[in-house]
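Take a look at the structure set out below.
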Amino acid sequence: MKGGGKGSKIGDSLDALKGSLMRRMFRLVLVLFVAAFSLYAQDAVFKVGFAEADITPQKPMPMWGYGDRHDALSTGIRDPLHAKAVVIDVGKDKLAIVGLDLGRSPMSDMMARIKETVLKKAGVNYVMMSGSHTHHGPVLELLDEEGKGKGKFDDGVKYVEGLEGMLTDAILDAAKNVVDAKMGVASKQIDMNRNRHSKKEPKPRETELGVLRFDDTSGKTIALVVNFSAHPTMLPGGDLRFSAEYPGGMMNAVEKEFGAHCVFMQGSAGDMSVQTTPETNTPETFGAALAAEVMALAKGIATAKPEAPSITGMTKEYELVPRVDLASPMIQGILKQAFFPELGNRALDEVGKGSIKPVLTVTVLNGNLALVGASGEFFSNHSIRLKERSPMKTLFFGYCDGHHMYFPTIEGAAEGGYGGDATVSWVPVGTGEMMMNDALVYIFKANGAFENPMDRT
């Protein structure tokens, strides 16, 4: 039967009118959204500040890095040590990226207090603090308690107590110094390191040099953040002078030639050493060669204010059963003998009673740059594989927000040797992979994946 008639025509007219109104409403909403977004983009905050502090010990104290030094005291200063902080401010969120000329970042209790203070006083709610891993810095595992430094290493105890304030002030000063800014990032592969662990070919090697460039609105560079992976162990252990090693040489050369502050963030250096030539076999000459690569890369970076500035992030502390029984008096005795009793006693505070608590920190900047930090000496394949799988540009910071010894890959642990076996790799086999997977899940979520509520954890 054929439909039709007056009622049908009226219904068609009403449907057409509804459709027209819906289209107009959609266009109006779209116009309002674009206008609102344009206003937001104009008013969006993106500021960056820099500050530094001289953290060189002024009195003799035990040195960090080489166990066979035991508790030998430092004999002087070869070159000064610094803490350098960049604070990125997007309004409601702030991120501090802090590079230290130290063997490690602070103990977990100090890190917690620093984070609490900078959040309370400056609203800095994300902190990524990495030691360069120089083996010519001071021991940080000292405390004003019997058996942990008191009475024997009082100058060292006072230094560690004062370090907290110096690091906190560097972040707070950087937060005060923020100005309207632009940024850019670039990286390239360079042949300046080698795998010191594996005997298998081809040996994995994290050869990426990453550079973040922050400029003010006039184009003057505020700071460069440099990310590279290699142990700073060019100086012999018998040299008992404090030194920032090759990262210090690199930063000095960049600051002199480029005219901007430079911050170094160590990468996945657990199995990486420097690869030198006869012309680059000192911290200064190697640092200068690395600086040349940094400056060539930095000069080609076009900086811009992000269209939609944002910082999101997460911190996860794991609680794991270590590969060795660190509660065993025999194991504790070996640890204290390998280093020295006060360091051993304090280091055991980090692992608690039969557990070890590594820390993963992930921040995503402006929706397109992921920064992943982990509290130990990660093997190079961890960051290589993370970057290969990540949906956005990703940099990896080792020795970040704590230090929980070596994190070999599963293959590295199976191969054994220094860095791979349980003597210095205390976390369970596979921990590094687990942490990188957790970082990857967060990065994908920040990139818009897993929107199904069933995927949320």
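If you read the sequence from its start, that first residue is 1, and numbering goes on from there.
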How about Ser243 and Asp79: does a side-chain donor come under 3.5 Å of a side-chain acceptor?
yes
Looking only at side-chain N and O atoms, does Asp215 offer a donor or acceptor that is under 3.5 Å from a partner on Thr221?
yes
Heavy atoms, side chains only, cut-off 4.5 Å: are Glu245 and Ser132 in contact?
no
Does either side chain, that of Tyr418 or that of Thr423, offer a donor lying less than 3.5 Å from an acceptor on the other one?
no
Aromatic ring proximity, centroids under 6.0 angstrom, Phe50 and Phe214:
no
From CE (Met110) to OG (Ser105), nearest 0.5 Å:
10.5 Å
Should Val86 and Val48 count as side-chain neighbours, where that means a heavy-atom distance under 4.5 Å?
yes
Between Glu208 and Lys188, is a salt bridge (charged side-chain N to carboxylate O under 4.0 Å, His left out) present by the stated rule, with each step listed?
CA-CA 6 Å; Glu208 184 174 32; Lys188 63 179 177 180; over 6 Å; no
Is there a donor-acceptor pair closer than 3.5 Å between any side-chain N or O of Thr117 and the backbone N or O of Arg113?
yes
Ile88 and its side-chain contact (heavy atoms from CB on, under 4.5 Å) partner, picked from Asp93, Ile311, Val124, Leu212
Ile311
Do Phe379 and His197 have ring centres separated by under 6.0 Å?
yes
Please check: side-chain N/O of Ser74 versus main-chain N/O of Gly76, any donor-acceptor pairing under 3.5 Å?
no
Test of ring centre spacing under 6.0 Å for Phe397 and Phe378:
no
So, His70 versus Phe340, ring centres under 6.0 angstrom or not?
no
Just wondering, do Met129 and Leu100 contact through their side chains at under 4.5 Å, heavy atoms?
yes
Assess the residue pair Glu342 and Lys150 against the criterion (salt bridge (charged side-chain N to carboxylate O under 4.0 Å, His left out)); give the C-alpha distance rounded to whole Å, side-chain angles, the decisive distance to 0.1 Å, and a yes or no.
CA-CA 9 Å; Glu342 289 76 13; Lys150 182 178 181 179; over 6 Å; no
What's the spacing between Phe46 CZ and Asn366 CG if we round to 0.5 Å?
5.0 Å
Pro358 versus Met435: any side-chain heavy-atom pair under 4.5 Å?
yes
What is the minimum heavy-atom distance between Val324 and Ala422, and which atoms define it?
CG1-CB, 3.5 Å
Can you establish whether the number of heavy atoms outside Lys59 located under 6.0 Å from its atom NZ is more than 12?
no
One thing to verify: whether Glu255 and Lys84 come together as a salt bridge, which I'm taking to mean a side-chain N less than 4.0 angstrom from a carboxylate O.
yes
Can you confirm whether His136 sits close enough to Arg241 that some side-chain heavy atom of one is under 4.5 Å from a side-chain heavy atom of the other?
no
Regarding Arg346 and Asp349, does a basic nitrogen lie under 4.0 Å from an acidic carboxylate oxygen?
yes
How about Val362 and Lys316: do any of their side-chain heavy atoms sit closer than 4.5 Å?
no
Starting at CG of Asn195, measure out to OG of Ser229 and round the result to the nearest 0.5 Å.
11.5 Å
Got a donor-acceptor contact below 3.5 angstrom from the Gln275 side chain to the Ser273 backbone?
no
Donor-acceptor pair, side chain of Asp271 and main chain of Ser380, under 3.5 angstrom
yes
Salt bridge Lys199-Glu415, side-chain N to carboxylate O under 4.0 Å
no
For Met166 against Ala53, the heavy-atom pair lying closest together
O-CB, 4.1 Å
Could you measure the distance from the CG atom of Leu235 to the CG atom of Leu240? Nearest 0.5 Å is fine.
11.5 Å
Does a donor on one side chain sit under 3.5 Å from an acceptor on the other, for Ser375 and Asp401?
no
Any carboxylate oxygen within less than 4.0 angstrom of a Lys/Arg side-chain nitrogen, looking at Lys152 and Asp154?
no
Take a 6.0 Å sphere around NZ of Lys158 and say whether it holds more than 12 heavy atoms from other residues, nucleotides or ligands.
no
Rounded distance (nearest 0.5 Å) linking atom CZ of Phe242 with atom CG of Asp239
11.0 Å
Pairwise side-chain contact, Arg213 with Val225, heavy-atom cut-off 4.5 Å (strictly under):
no
If you round to the nearest 0.5 Å, how far is NZ of Lys256 from CE of Met295?
10.5 Å
Return yes if a side-chain donor-acceptor contact under 3.5 Å exists between Asp438 and Tyr318, otherwise no.
yes
Go through the side-chain N and O atoms of Gln266 and Ser130 and say whether any donor and acceptor fall under 3.5 Å apart.
no
Would you call Glu411 and Arg385 a salt bridge, taking side-chain N to carboxylate O under 4.0 Å as the test?
yes
Going by side-chain hydrogen bond (donor to acceptor under 3.5 Å, both in side chains), Glu141 matches just one of His403, Arg104, Lys148. Which one?
Arg104
Presence of salt bridge, Arg205 and Asp191, under 4.0 angstrom
yes
Does any part of the side chain of Pro247, heavy atoms only, come nearer than 4.5 Å to the side chain of Thr134, both counted from C-beta?
no
With under 30° as parallel and over 60° as perpendicular, where do the rings of Trp64 and His135 fit, or are they tilted in between?
perpendicular
